[in-house]
Amino acid sequence: ISACSSDTANYLYKNISVWAKENYNLESARITGAGTNKCTLNIDNQFNNLLIHFSPRSKGRNEKYANEKEIDILIATDCISEGQNLQDCDTLVNYDIHWNPVRIIQRFGRVDRIGSINKDIQLINFWPQIPLDDYINLKNRVEGRMVMVDMTATGEDNVLTNELAD
């Protein structure tokens with residue numbers, strides 16, 4: 001699963017879905033919240049149907065569809081960041097880091113939920129290349145805001161570093 005802009009989602013789906021299917025027999029889908037969703041499975045590409053095929057246990061997929069293949073890779077924008085239970089997933093990749101750490105927490109919260117069958121959940125962040133980050137200072141700004149959020153609100157683990165809150 002990845003959280004990114006629609007342009008990035010389109011690019012990733014175009015460049016990953018065929019490769020993943022041909023080389024590893026992995027099924028992929030793209031949800032952007034605008035335009036037409038895509039999927040390598042021959043199923044209805046409606047938003048909820050794709051999420052059900054990606055996270056069938058947490059979404060309570062109907063027994064009627066129990067033998068259908070699942071979506072292994074979901075590439076999506078923040079349209080799935082709030083109000084979705086996707087705890088069947090064990091890895092979240094943030095390609096486009098949002099400047100607001102609360103948005104990052106919401107993204108991670110889709111998969112790190114009560115009822116997860118996963119022993120470990122991975123959060124992977126792709127930061128801008130060093131010259132670009134030197135210019136926009138995104139990594140330091142987001143990590144600084146995350147420390148403030150930890151201290152003032154959640155008291156939870158910092159999802160951007162591997163440090164535990166005291």
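Hydrogens, waters and symmetry mates are skipped; everything else that's a heavy atom, side chains included, is used. What you are looking at is a predicted structure, and each value in this text was computed from that prediction instead of being measured.
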(message) Please report the interatomic distance CG(Asn42) to CD(Glu68), rounded to the nearest 0.5 Å.
(response) 10.0 Å

(request) Measure the spacing between CG of Leu26 and NZ of Lys69 and express it to the nearest 0.5 Å. (result) 8.0 Å

(request) Look at atom NZ of Lys59 and say whether more than 12 heavy atoms of other residues, nucleotides or ligands are closer to it than 6.0 Å. (result) yes

(message) Can a donor-acceptor pair be found, under 3.5 Å and without considering hydrogens, that links the side chain of Ser17 to the backbone of Tyr13?
(response) yes

(request) May I ask you to decide if Gln46's main-chain N or O and Asn37's side chain share a donor-acceptor pair within less than 3.5 Å? (result) no

(request) Please round to the nearest 0.5 Å and tell me the distance separating atom CG of Leu41 and atom NE2 of His53. (result) 6.5 Å

(request) Looking only at non-hydrogen atoms, find the nearest pair between Thr77 and Ala9 and report the distance. (result) CG2-CB, 4.4 Å

(request) Could you tell me whether the side chain of Arg30 and the main chain of Lys14 form a donor-acceptor pair under 3.5 Å? (result) no

(message) Just verifying a value: how many Å separate Thr32 OG1 and Asn10 CG, rounded to the nearest 0.5 Å?
(response) 6.0 Å

(request) Mark yes or no for whether Asn49, through its side chain, and Asn45, through its backbone, hold a donor-acceptor pair below 3.5 Å. (result) no

(message) Can you tell me how far apart CG (Leu50) and SG (Cys39) are? Round to the nearest 0.5 Å.
(response) 5.5 Å

(message) To the nearest 0.5 Å, what is the distance between CZ on Phe54 and CD1 on Ile73?
(response) 9.5 Å

(message) Starting from Val18, can I reach Ile71 by hopping between I/L/V/M/F/W/Y residues whose side chains sit under 4.5 Å apart?
(response) no

(message) Closer than 3.5 angstrom, by distance alone: can the side chain of Thr40 be matched with the main-chain N or O of Glu27 as a donor-acceptor pair?
(response) no

(request) Report yes or no: do Ile52 and Ile43 belong to one cluster of Ile/Leu/Val/Met/Phe/Trp/Tyr joined by side chain heavy-atom distances under 4.5 Å? (result) no

(message) Holding to side chain to side chain contact (heavy atoms under 4.5 Å, CB included), I want the full list of residues that pass it with Glu70, two or more places apart in sequence or in another chain.
(response) Pro56, Arg57, Arg61

(request) Compare all side-chain heavy atoms of Leu51 with those of Ile31 and state whether any distance is below 4.5 angstrom. (result) yes

